[in-house]
Amino acid sequence: MRYLCVALLMATTALAGCAGRQALESTERLTVLKDSATLPAPGRGDLTADDRPSLIGPLDTVQVDVFNVPDLSREVQVDASGRISMPLVGTIDARGKTSAELASAIEASLRGRYVRNPEVTINIKNSVSQVVTIDGQVVEPGLYPVTNQMTLMRAIASAKGLAEFAREDDVVILRTVNGRKMAGLYNMSAIRRGAYDDPPIYANDVIVVGNSPQRRMFRDFVSLAPLLAAPLVAILN
């Protein structure tokens, strides 16, 4: 019995010690926003999660269709510098543009010189630039595509949810806003309760789910408990 009590005391002390982790604080290079504070959008700051458009980036693949000019319709990959090249059009900067903006740019290059009234349609076929990085205590960390409806909870769900040792009150969104690195701290349980809105996620965000040493040590202790109790059972019998 004495050994079991000592083990229980040691485990309790260890768990209490792990609770005192160092909080993430603002520095000269990082601005930290706590809980429900709104983390600004990285650009076009007045766009909401519902109406922000998908932007074209390096290595994305787009389908260009020019009405009544089938020879110009084609699938094009954006190069590493964010540009595309087309016959009669030349090189056009596509990086950071919406599909409609890129279509307008191509129409402007064609108008007057080659096509009288060009009508161009752009569809994003494959996007590798519009991704979010999800790391830490999720089931499947990695890079995931960002849609115009992406939120923190949906992003976590894309990574198959929180892992066994995730700390729900220690979820960080890292984002660069106008050249300034910022971090928003979020509590998944509070979001589920409706305490504050599920924050929108943008391309190039990094989500990090914290680790709970308490849960890990508790699991290890529970698995060890039968071994500690075995000598006690033998003595009692």
Side-chain angles (χ1 to χ4, degrees), residues 38-135 140-160 173-182 197-207:
T38 301
L39 188 61
R44 305 189 181 197
D46 57 341
L47 297 178
T48 67
D50 293 330
D51 61 12
R52 69 180 186 268
S54 295
L55 303 180
I56 299 169
L59 305 183
D60 288 351
T61 302
V62 297
Q63 175 65 41
V64 181
D65 291 308
V66 183
F67 185 65
N68 281 338
V69 190
D71 289 343
L72 289 180
S73 297
R74 64 195 59 223
E75 192 174 277
V76 182
Q77 184 178 41
V78 183
D79 67 21
S81 64
R83 299 180 177 183
I84 65 169
S85 296
M86 289 181 56
L88 304 183
V89 175
T91 301
I92 291 183
D93 189 5
R95 183 172 187 170
K97 287 184 170 65
T98 64
S99 295
E101 290 169 345
L102 180 56
S104 296
I106 295 175
E107 288 173 353
S109 294
L110 291 173
R111 185 175 291 113
R113 292 181 294 174
Y114 308 106
V115 182
R116 180 172 296 178
N117 292 306
E119 294 182 20
V120 178
T121 302
I122 301 291
N123 288 303
I124 301 176
K125 301 282 290 184
N126 182 38
S127 177
V128 297
S129 64
Q130 302 290 291
V131 295
V132 57
T133 302
I134 306 178
D135 198 7
E140 294 185 5
L143 301 176
Y144 292 88
V146 175
T147 66
N148 63 353
Q149 299 288 330
M150 183 69 82
T151 64
L152 178 58
M153 288 191 66
R154 290 179 179 179
I156 297 297
S158 296
K160 302 298 187 294
I173 300 176
L174 298 172
R175 178 179 301 161
T176 300
V177 181
N178 297 323
R180 174 70 178 176
K181 292 184 178 180
M182 305 188 76
D197 293 337
D198 188 13
I201 297 299
Y202 294 87
N204 300 318
D205 281 356
V206 177
I207 300 172

Return the minimal non-hydrogen interatomic distance between [X] and [Y], and the atom names on each side.
X: Met86; Y: Val76; answer: CG-CG2, 4.4 Å
X: Pro42; Y: Tyr202; answer: CD-CG, 3.5 Å
X: Ile207; Y: Ile201; answer: CD1-CD1, 3.8 Å
X: Val177; Y: Ala41; answer: CG1-O, 3.5 Å
X: Val78; Y: Pro58; answer: CG1-CA, 4.0 Å
X: Ser109; Y: Val89; answer: CB-CG1, 3.9 Å

Name all residues meeting the side chain to side chain contact (heavy atoms under 4.5 Å, CB included) criterion together with [X]; count only those two or more places apart in sequence or in a different chain, and write none if there are none.
X: Ser81; result: Asp79, Arg83
X: Pro199; result: Leu152, Ile173, Tyr186, Ile191
X: Asn204; result: none

Any Ile106 side-chain heavy atom under 4.5 Å of Leu72 side chain |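 No, side chains not in contact.
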
Residues two or more places apart in sequence or in another chain: which of them pass side chain to side chain donor-acceptor pair (under 3.5 Å) with [X]?
X: Asp197; value: none
X: Arg180; value: Thr31
X: Asn126; value: none
X: Asn123; value: none

Is the side chain of Asp198 donor-acceptor paired with the backbone N or O of Met153 at a distance under 3.5 Å, no angle test?
->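 Yes: the side chain of Asp198 pairs with the backbone of Met153.
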
What's the verdict on side-chain contact (heavy atoms from CB on, under 4.5 Å) for Ile84 and Leu102, showing C-alpha distance, side-chain angles and the deciding distance?
-> CA-CA 10 Å; Ile84 65 169; Leu102 180 56; 4.2 Å; yes

Interatomic distance, Leu55 atom CG to Gln130 atom CD [nearest 0.5 angstrom] |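 Result: 5.0 Å between the selected atoms.
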
Distance (rounded to the nearest 0.5 Å) between Ile156 CD1 and Ile134 CD1 =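 That separation rounds to 5.5 Å.
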
Residues which pass salt bridge (charged side-chain N to carboxylate O under 4.0 Å, His left out) with Arg175, listed by chain and number, not counting sequence neighbours |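 Checked Arg175 against salt bridge (charged side-chain N to carboxylate O under 4.0 Å, His left out); matches are Asp205.
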
Which residues share a salt bridge (charged side-chain N to carboxylate O under 4.0 Å, His left out) with Glu140, sequence neighbours left out |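 Once residues adjacent in sequence are excluded, the partners of Glu140 under the salt bridge (charged side-chain N to carboxylate O under 4.0 Å, His left out) criterion are Lys160.
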
Give every donor-acceptor pair under 3.5 Å between a side-chain atom in residues 59-70 and any protein atom, sequence neighbours left out.
residue	atom	partner	partner atom	Å
Asp60	OD1	Val128	N	2.8
Asp60	OD1	Ser129	N	3.0
Asp60	OD1	Ser129	OG	3.1
Asp60	OD2	Gly57	N	2.8
Asp60	OD2	Ser129	OG	2.8
Gln63	NE2	Asp65	OD1	3.2
Gln63	NE2	Arg74	O	3.4

